[in-house]
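Residue numbers start from 1 in every chain, and the chains themselves are labelled A, B, ... in the order their sequence lines are given, proteins ahead of strands.
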There are 2 protein chains.
Amino acid sequence: MTSEETHDEIMQATYDALCDRGYVGLTMADIADGAGKSKSLLHYHYDTKADLLVSFIEHLLSDFEERIAVTVDAPPEERLLSFVEWFVIDPDEDDRAAFHLALLELRAQGAFNEAFSEQLRASDELLRGTVESILREGIESGAFRDVDVEATAAWIIATVDGARTRQITLRTDWYTDAVCHHLIDVFETWLFVEDNERGGQ
Amino acid sequence: MTSEETHDEIMQATYDALCDRGYVGLTMADIADGAGKSKSLLHYHYDTKADLLVSFIEHLLSDFEERIAVTVDAPPEERLLSFVEWFVIDPDEDDRAAFHLALLELRAQGAFNEAFSEQLRASDELLRGTVESILREGIESGAFRDVDVEATAAWIIATVDGARTRQITLRTDWYTDAVCHHLIDVFETWLFVEDNERGGQ
DNA sequence: TGGTCCTGACTGAACGGTCAGTCAGCGACG
DNA sequence: CGTCGCTGACTGACCGTTCAGTCAGGACCA
C-alpha cells in the first residue's frame, strides 16, 4: 500500500473516531484501530498526535475547496440560500452533527496550539472568501443591492455558525429554524433586488 | 472554614483553572492548588470531577440569575442593546475570552455527559427567557413592533453567540463588530417603533 | 537468473508520565 | 468522644511516544 493511500485511510479513520469519541476522547489507538493499522504506524507518518490533527484539518480544507468549486455556476441568490442551507445540519444527519461537535472542540483548542490556530484561520478565510465572492457576484450582476461585502459576509457567517453551534450543542433545531427564516426575510428585504426594480435604477 | 466557604473557593479556583488551562487541560490538581487545598478535599466535597463541574455550571447559572435581576428597570431598547453589548467580549478582557473558550469546550462536552447537558439546557432556557422577556416588555409598552417573540429571541441569541464564538476562537473582533452594527440596523428598522410613530397606530 | 543490499511500510512490546480516584489517619471543635 | 474538614501517600488505568525488529519488493550486479 502506498504512502498516500495510507494517509487517506488514516484521515478517514480520524474522521470516524472524531465522530464517535469527540476530540477529548480521541486516542491514537482509536484512529489506528479504525484504519486497521498499528499505533506505531501513525507515528511513522506523523511525528505527534498534534501533527496528525493538523494534517487532518488541512485535509478538511482541501475537501471543502473541492466542494465549493462545484457550485459556482448557479445564480447568486440560489448560491447564497444553498450556502445557508448547507451550513445548517439536517436533523437526521447524526454523524455530521457529531463531526461538527468534534470540530467545535478542535476550534476551541486553537487557543492552545498555534498550528491548529493557523489552519483554522485559513479555513475561516476560505469560508469568508466564499460568501464574499457570492455577494460580489450578486452585486455586479445587479441581483443584490450594493451592501458592504466584508461586513455582510461576516454577520451571515456568524449567524449561521451560531445557529449551528446551538443546534448541535443543545440538540434542538429551534435555533437553525429561526435563523433560516430570519435570514430569508433579511435577504429579501435588504439584499435581493426585486425583479420589478431590476434595471430600474 | 465552613463547607460553604470552601465550596466558594473551589468554584473560584475552578474558574481560574478553566481560564488558563481550558477544559481539556483542566485537572483536579490545578483546581486544588488554586484553592490552596489538597486534591483529596475536592473528592471529599464532590464524588467525581464531573460532579464538581456540574456544580460549577450551577454556580454560573445562579451568578447569571443574580446579574440579570439588576438590570430590569431600564427601558427595553436599552436593555436589548446592553444585552448585545454585554454578550460580546471587550478586546482587552482576556480572562473573559479565556473563560468563554473553556465554556465552549464544556458546551461541546454536553453531548457526552447527560448531567452537563441538563445544566446547559437550563442555562439556555434562562438566556432565551431573558431576551424573550425584554421583547415582551417592549411590545407591551409599545416600544417594539409585534414580532414573534420566541423566534426573534432565538435568532438574536444565535447571532451574538456565533459572533462571540468566532471572536474567541479566531481571536478577531471582526465578527462581533459586523454583527453589532448589523443588529443595530435590524433593530432600528424592524423592531424599534420610531418616536413619531408612537401612539400613531 | 539468482544473490545482495537497501528502503519504505509496518508491527508489538514496552516505557514514562499523567491523572482521577482511594484510603488511613490527623487535628480541632462541640 | 465523635464527627467534620482535611491531608499525603498511594494506586490503577490510560495514553502518547519510542524502539528494535519484520517483511515485501525494488535496484543493481555477476
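- Checking A/D16 against A/Q12 by side-chain atom types alone, a donor-acceptor pair falls below 3.5 Å.
- Taking the ring axis of B/F87 as reference, the NZ or CZ atom of B/R164 stays within 45° of it and closer than 6.0 Å to the ring centre.
- Protein atom CG of B/L41 is 15 Å distant from nucleotide atom C1' of C/dC23, rounded to whole Å.
- Annotation: of the two residues near DNA chain D, B/S3 and B/K39, the 5′-most nearest-nucleotide partner is B/S3.
- Residue-level contact check: B/L42 touches neither bases nor backbone, having no heavy atom under 4.0 Å from any strand.
- The CE atom of B/M28 lies 5.5 Å from the CG atom of B/L52; values are rounded to the nearest 0.5 Å.
- Ring geometry for B/F116 versus B/Y23: interplanar angle over 60°, hence perpendicular rather than tilted (30 to 60°).
- A heavy atom closer than 4.0 Å to some atom of DNA chain C occurs in no member of residues 108-119 of chain B.
- With rounding to the nearest 0.5 Å, the separation of CG in B/D148 from NE2 in A/H181 is 10.5 Å.
- Contact check of residues 5-22 of chain B against DNA chain C (heavy atom, cut-off under 4.0 Å) returns no residues at all.
- Extent of DNA chain D lying under 4.0 Å from chain B heavy atoms, first and last nucleotide in 5' to 3' order, is D/dC4 to D/dA9.
- Rounded to whole angstrom, the span from the NE2 atom of A/H43 across to the C1' atom of C/dA13 amounts to 14 Å.
- Using a 30° and 60° split on the angle between ring planes, A/H182 and B/H182 fall in the perpendicular class, above 60°.
- Here the side chain of B/T152 pairs no donor or acceptor atom with the backbone of B/V149 at under 3.5 angstrom.
- Annotation: the span from B/L135 atom CG to B/T130 atom OG1 amounts to 11.0 Å, rounded to 0.5 Å.
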* Go through the steps to decide whether B/R107 and A/E105 satisfy the test salt bridge (charged side-chain N to carboxylate O under 4.0 Å, His left out), and finish with yes or no. => CA-CA 9 Å; B/R107 285 166 63 188; A/E105 297 179 76; over 6 Å; no
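- At a threshold of 4.0 angstrom between heavy atoms, the contacts of B/T2 with the nucleic acid are absent.
- Aromatic ring orientation, A/F56 versus A/Y15: tilted (interplanar angle from 30° to 60°).
- Heavy atoms of B/T27 sit under 4.0 angstrom from primed sugar atoms or phosphate atoms, though from no base atom.
- Here the side chain of B/E140 pairs no donor or acceptor atom with the backbone of B/E137 at under 3.5 angstrom.
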